[in-house]
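One structure below.
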There are 2 protein chains.
Amino acid sequence: MSEPRWLDAGQQRDWRAFIDGSLRLHDIMDRELKAKHGLSGSEYEILVRLSEAPGRCLRMAELAEHASQSRSRLSHTCTRLEAKGLVRRESCSSDKRGVFAHLTDEGFAVLERAARDHVETVRNFFIDVIDPDDLKAIGRAFRAVAERIAQSR
Amino acid sequence: MSEPRWLDAGQQRDWRAFIDGSLRLHDIMDRELKAKHGLSGSEYEILVRLSEAPGRCLRMAELAEHASQSRSRLSHTCTRLEAKGLVRRESCSSDKRGVFAHLTDEGFAVLERAARDHVETVRNFFIDVIDPDDLKAIGRAFRAVAERIAQSR
DNA sequence: GAACGTTGGTTGAAATCTAAATTATTCCTG
DNA sequence: CAGGAATAATTTAGATTTCAACCAACGTTC
């Protein structure tokens, strides 16, 4: 096997900064969400996606795709969310295999409160410490990454 | 409570792109590492940090810090790595509470192989799809984020 | 309309992660 | 130097995640 194309010092440094910084950022936000609103990161993500969907309702498979979760994981998490009364599942009449996940009113209310704190944290640890042009660069970059990943399947 | 300072459309878009892209990127790399080398992301991280330490050996607490993991998690993961023969633990003679984690020769060999594939994946899904200036911006941004998080404790 | 392969979703067990309690040692202060 | 606070690491118990197996419904083909 040929010698791999190692990263140069600068690339290495920036790549590491991203890995480390994003890990810690994720970490701190999940902790905050859990402490103040009793929601895990993935639960929050699910509520957000549902809240944005028409009728606040999505098929499980679509929801899994939007929230970047495996179907299995989504099933488990939805079971929990349903137990908390934040989500309700309902089987689809046209395709009897299908299931719709609905955001309940209580779910929406919880999400609304959580989102207020969340945006504050996002600003505090991310938006406000980053140069606006650098933020745009981040957006560009990760859209490219997501696209590359999508096309790889 | 006053109205939160919501993100504007552009910030929202870029923030989302980051969250989504980085999640999927992490995901794909962990999967790759697991499939080809039987290592989880956090195991790999530990091996990397050890390999870079003088004598390929670190105190558990330092290792936890370098690898951004809780001590508890590190303990568990090290137990597993030790069972696989990739790491060896040895108690410290000067401070008997302390424990050194050593990277074994086999651990180093496994890491070497894994790193070759890993760098290829990093290029493929990250470095090569990003404009070099945007990569620098990412480095700057996440160094700032990490610093902000560090100073918040 | 029976057989086949596919899709949508759930389930259960094993692996992993988190948080709190535990153990052992060292540091500090009077 | 006794005693309490702090530190290093592990352990335990509980929650979450993953992985593979599963079931049911759909669509196609012959």
Side-chain angles (χ1 to χ4, degrees), chain A residues 23-24 26-46 50 57-84 86-102 153, chain B residues 23-24 26-46 50 57-84 86-102 153:
Chain A
L23 192 65
R24 289 172 194 261
H26 243 104
D27 223 61
I28 216 167
M29 295 202 311
D30 284 0
R31 213 173 291 286
E32 220 252 352
L33 221 45
K34 185 61 132 190
K36 293 196 190 163
H37 304 278
L39 291 173
S40 73
S42 52
E43 288 173 336
Y44 180 75
E45 188 67 17
I46 287 170
L50 280 179
C57 147
L58 279 174
R59 284 285 292 270
M60 293 298 276
E62 291 177 292
L63 182 50
E65 177 58 27
H66 285 309
S68 309
Q69 295 185 17
S70 72
R71 292 184 183 189
S72 165
R73 184 177 174 184
L74 178 64
S75 265
H76 286 296
T77 309
C78 265
T79 304
R80 258 175 284 140
L81 285 172
E82 209 167 15
K84 294 191 201 177
L86 310 185
V87 160
R88 181 170 39 82
R89 274 181 290 195
E90 193 168 286
S91 89
C92 167
S93 55
S94 69
D95 179 345
K96 281 175 186 161
R97 294 166 306 178
V99 172
F100 282 108
H102 292 263
R153 319 191 218 207
Chain B
L23 192 66
R24 287 173 194 260
H26 243 103
D27 223 60
I28 215 168
M29 295 200 312
D30 284 359
R31 213 172 291 286
E32 220 252 353
L33 222 43
K34 184 60 132 190
K36 292 198 191 163
H37 304 277
L39 292 171
S40 73
S42 52
E43 288 173 337
Y44 179 77
E45 189 67 17
I46 288 171
L50 281 178
C57 148
L58 279 175
R59 286 286 291 271
M60 292 298 276
E62 293 177 291
L63 183 50
E65 178 57 27
H66 286 309
S68 308
Q69 295 185 18
S70 73
R71 291 183 185 193
S72 164
R73 183 177 175 185
L74 178 63
S75 265
H76 287 299
T77 310
C78 266
T79 304
R80 257 175 284 141
L81 285 172
E82 209 166 15
K84 292 191 202 178
L86 309 185
V87 161
R88 182 170 37 82
R89 274 181 292 193
E90 192 166 287
S91 90
C92 166
S93 54
S94 68
D95 181 344
K96 280 175 187 162
R97 295 166 306 180
V99 171
F100 283 108
H102 292 264
R153 321 190 214 216

request  = List for me each residue that meets side-chain hydrogen bond (donor to acceptor under 3.5 Å, both in side chains) alongside B:Lys84, sequence neighbours excluded, and say none if there are none.
outcome  = B:Glu43
note = The side-chain contact (heavy atoms from CB on, under 4.5 Å) partners of B:Cys57 (sequence neighbours excluded) come to B:Phe100, B:His102
task = Could you pull out all residues at least two apart from A:His37 that satisfy side-chain hydrogen bond (donor to acceptor under 3.5 Å, both in side chains)?
result = A:Asp117
query = Between A:Arg97 and A:Met60, who's closer to the 5' end of DNA chain C by nearest nucleotide?
reply = A:Arg97
ask   = In whole angstrom, what separates A:His26's NE2 from D:dT16's P?
value = 17 Å
remark   = Taken in chain and number order and not counting sequence neighbours, the residues that satisfy side-chain contact (heavy atoms from CB on, under 4.5 Å) with B:Asp27 are B:Arg31
inquiry  = Can you list everything that forms a side-chain hydrogen bond (donor to acceptor under 3.5 Å, both in side chains) with B:Arg80? Sequence neighbours excluded, please.
reply    = none
query = Within this structure, what is the CG-to-C1' distance between A:Asp95 and D:dA24, rounded to whole angstrom?
reply = 11 Å
Partners meeting side-chain contact (heavy atoms from CB on, under 4.5 Å) with A:Lys34 (sequence neighbours left out) = A:Ser40
request  = Could you pull out all residues at least two apart from A:Glu90 that satisfy salt bridge (Lys or Arg N to Asp or Glu O under 4.0 Å)?
outcome  = A:Arg88
task = At the 4.0 Å heavy-atom cut-off to chain B, mark where contacts on DNA chain C begin and end, going 5' to 3'.
result = C:dT16 to C:dT26
inquiry  = My understanding is that only residues two or more places apart in sequence, or in another chain, count here; which of them pass side-chain contact (heavy atoms from CB on, under 4.5 Å) with B:Gln69?
reply    = B:Ser42, B:Ile46, B:Ala67, B:Arg73, B:Leu74, B:Thr77
message = If you take any heavy atom closer than 4.0 Å to DNA chain D, which residues from residues 27-46 of chain A end up in contact?
response = A:Lys34, A:Ser42
Residues within residues 62-80 of chain A bordering DNA chain C, heavy-atom distance below 4.0 Å = A:Arg71, A:Ser72, A:Ser75, A:His76
message = If the condition is side-chain hydrogen bond (donor to acceptor under 3.5 Å, both in side chains), which residues does B:Thr79 pass it with, not counting sequence neighbours?
response = B:Arg89
query = Which part of the nucleic acid does A:Ser91 contact within heavy-atom distance under 4.0 Å: base, sugar-phosphate only, or nothing?
reply = nothing
query = CG of B:Asp30 to CG of B:Leu39: how many Å apart, nearest 0.5 Å?
reply = 10.5 Å
